[in-house]
Amino acid sequence: MAHHANPTGFKRWLLTTNHKEIGSMYLLFSLAMFFVGGFMAMVIRAELMYPGLQLVQPDFFNQMTTTHGLIMVFGAVMPSFVGLANWMIPLMIGAPDMALPRLNNWSFWLLPVAFGILIFAIIKSFLGLGAAPNFGWTFYAPLSTSYGPPSTDFFILSVHIMGISSIMGAVNVIVTIINMRAPGMTMMKMPLFVWTWLITAFLLIAVIPVLAGAVTMMLFDRHFGTSFFDAAGGGDPVMFQHIFWFFGHPEVYIMILPAFGIISTIIPTFARKPLFGYASMVYATASIAFLSFIVWAHHMFTVGLPLQGNLFFMYMTMLISVPTGVKVFNWIATMWRGAMTFEVPMLFSIAFVVLFTIGGLSGLMLAITPADQQYHDTYFVVAHFHYVLVTGAIFSVYAAAYYWLPKWTGNMFHTGLAKFHFWASLISVNVLFFPMHFVGLGSMPRRIPDYPLQFADMNFWISIGGFAFGLSQIIFLVVLYKCVKGGEKATSEVWENPEGLEWTIPSPAPLHTFEVPPTVK
Amino acid sequence: MDNTLQQKNTKLIWTLIAVVIGMFAFATLIMPPLYDAFCDWTGLNGKVELKSAAAPEVKSDNPYLVSTETAEAQAALDETAPAIAAREVRVQFIAKADRSIPWDFKPVNNSINVVPGKASNIQFEVTNLTKTGMTGRAVPSVTPAQATPYLRKMECFCFQEQHLEAGQTKLMPLQFYFTEELPEDIKEVTLSYTLYNMEKKNGSTN
């Protein structure tokens, strides 16, 4: 690559407007946050390994559950998908870069600021200088308003900044996809990862401002004498939950739709068949996105909604399983009678299909109002959303990383180590999360640092699974390091006849690609 | 070509920014009043009208406050009149003082059984634990919310601000009944009162 007087060293990364460099920074940032949030999960599991209080005080435990959730949702899962979008969308649609490169740089560099503020609050708490946010990642009022610690204001500022970052990222993705496609690439010829990201970006545009609104109202309630969520002044804490979940439920799909796109890209490559039901995949994604706006109150079945409300939200929620089922069956039909091979990205993808479906099924159980009134706020819910977020979203990001890593670095990764990473993760993640279903059905509440003795054995094994899963992720660091440093040279196609424009460019992908747009037939 | 792409981009960006601003305004400016209006309209959420209480002249606006002169109220008060609905509803009382007001506040009876259409009286005991005189106001709430439209109050301490001198104890009356239209499936109703400090927020309620 010709180097035309670009800044070098730190400035190169600070000032870059190149989608590949920004994509790499996003991915590395989310990996770092994955380990920070993972470390907090280890604290939680260490405390819960035995009944009684051993390691931490209940208030610090609450801070751990809160910041673990916030960092994993906003710091690990979301930025990793934005990183993949930055890297792959221009390559997949034959564009030279993202449409708004400077905005792209800005939206990345806001993230370290936002999480710096949040992590500062945790370090402060660790040093005994006042509690970090301790009200759960859902920050229900009045826990976060009347009863929130002073560091709640750090949290509010941090959420605002990460929200701005997400919105700018989403605007960039939409403008790129709508206006920058190579000639001949019609909407219905776009790769599914691009489609799912387009829909995700619209969800982000629609609901992140609602989140910003919620934290703004919190700020006003805390400091400027308003009573949005304070019954003393005529407000209503239940309204907080409505507003939060109006953001929160689409947010759940923001964290899974790009994963659907990734899986729909990888399975056809290793099944050596075109994706079954492309158009139905697009419509299913759009239906899921639409339904996500009218199911929010299924998180609130116990607040005392009227019967009609409970029924409406129950039926709408169950309806989501139809488009999701379409997707799962399409993936299975793609594999059906395919010439399948089990490279590492395919292993993660198949694990995704199986384990995400388990998470979806427990979601369907939670959708049933009377059942949910029993499961609400128990470990059953924890098991459910960790199956969809860890073995769903995180596994899909690993699948994507292994799938495109040779394209990014120009080197094949160490297959043996990568398979070890997969199997260690697969076994430990199930030891970690599967028993949570049972302790949840036994009504062990979430976010509590202690539990009755009957849950002791299960929790011991859950913790063992947790530590094993945590350690397994270190294998990925080794694979990544070795792959960046060297290894067998990758061809430009990397895999056998993969589909997509990204495989027409050399490996590693040069800094500038598609300066002359390719023609798509 | 570059120029038209830039124009297309600019147009799309402004459209998207408009959506962002619109959704922010929806969450902060439109949603809260809409939510209140929806709760008022449907009677959901157990939110009972708050406005009327302080000033007696607007009492008639309060749909839950009835004059003792109506026929229904007369029948409810008439102890000799036979009850039409031969069923009992358990009514539980919860009273708590908000942390803004260090008063002791509790119902004299935790629960009573009432017959719809028949009036009942109960009392709440409140003590000012501080060394200064203070004014408080109790805000009512009804669970399940579906019972709210059938609740009638003829007298309630929650209609007025209550002033207590330092250390003073006072018994506060509540006289109410449920209309006979109270749905059959409601067998238990909880009336909850939360006492708030009116000293600093005076005049800014609602």
Side-chain angles (χ1 to χ4, degrees), chain A residues 95 99-100 103 142 146-147 163-164 166-168 170-180 201-202 204-217 219-220 225-240 242-244 246-247 303-309 517, chain B residues 1 4-36 38-39 42-47 50-51 98-101 136-137 139 141-146 185 190 192 194-198 200-201 204-206:
Chain A
L100 314 160
L103 196 74
S146 313
Y147 301 94
I164 292 169
S166 292
I167 289 170
M168 293 194 305
V171 169
N172 209 347
V173 166
I174 294 175
V175 177
T176 307
I177 296 174
I178 302 282
N179 287 348
M180 306 266 290
F202 276 110
L204 281 165
I205 297 270
V207 300
I208 296 287
V210 176
L211 172 70
V215 293
T216 306
M217 287 187 267
L219 186 74
F220 274 68
T226 58
S227 300
F228 286 105
F229 308 129
D230 186 4
D236 189 345
V238 174
M239 187 179 75
F240 175 87
H242 282 290
I243 293 175
F244 177 81
F246 186 79
F247 147 79
V303 301
L305 297 178
L307 180 65
Q308 296 88 330
Chain B
M1 176 241 159
T4 54
L5 178 65
Q6 196 139 37
Q7 281 165 2
K8 270 165 68 187
N9 284 357
T10 313
K11 204 175 149 207
L12 187 55
I13 293 162
W14 282 111
T15 316
L16 295 171
I17 289 174
V19 175
V20 169
I21 294 170
M23 287 306 289
F24 184 80
F26 170 71
T28 51
L29 302 175
I30 301 171
M31 178 74 185
L34 199 67
Y35 179 83
D36 271 353
F38 185 77
C39 289
T42 54
L44 292 175
N45 214 11
K47 260 197 173 183
L50 295 171
K51 273 175 250 166
D98 182 63
R99 60 179 190 154
S100 63
I101 185 164
R137 160 93 182 274
V139 174
S141 159
V142 184
T143 307
Q146 286 83 346
D185 59 316
T190 305
S192 156
T194 309
L195 197 63
Y196 290 103
N197 190 345
M198 283 293 120
K200 50 175 195 265
K201 286 196 172 176
S204 69
T205 48
N206 204 45

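Protein chains get the first letters and strands the later ones, always in sequence-line order, with residue 1 at the start of each. Owing to the predicted nature of the structure, the values given are computational and were not obtained by experimental measurement.
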Atom group of A:Leu100 that falls short of 4.5 Å from chain B, counting heavy atoms: side chain
Side chain to side chain, A:Met217 and B:Thr28, heavy atoms closer than 4.5 Å: yes
A:Phe247 portion near chain B, given a 4.5 angstrom heavy-atom threshold: neither
Partner chain B: residue of A:Ala214, A:Gly309, A:Ala212, A:Ala170 with the largest heavy-atom pair count (under 4.5 Å): A:Ala212
A:Phe220, CZ: over 12 other non-hydrogen atoms inside 6.0 angstrom: no
Segment of B:Tyr196 engaging chain A (4.5 angstrom heavy-atom cut-off): side chain
Min side-chain heavy-atom separation B:Tyr35-A:Val238 under 4.5 Å: yes
Side chain / backbone / both / neither for A:Ile167 at chain B, heavy atoms under 4.5 Å: side chain
Side chain to side chain contact (heavy atoms under 4.5 Å, CB included) involving B:Leu12 - partner list, sequence neighbours excluded: A:Ile174, A:Val175, A:Ile178, A:Asn179, B:Leu16
Validation row: A:Met180, B:Leu5 side chains within 4.5 angstrom (heavy atoms): yes
All side chain to side chain contact (heavy atoms under 4.5 Å, CB included) counterparts of B:Ala27, not counting sequence neighbours: A:Val210
Heavy-atom side-chain contact between A:Phe228 and B:Met31 under 4.5 Å: no
Chain B contact via A:Tyr147 - side chain, backbone, both or neither, heavy atoms under 4.5 Å: both
Side chain, backbone, both or neither of A:Ser146 within contact of chain B (heavy atoms, under 4.5 Å): both
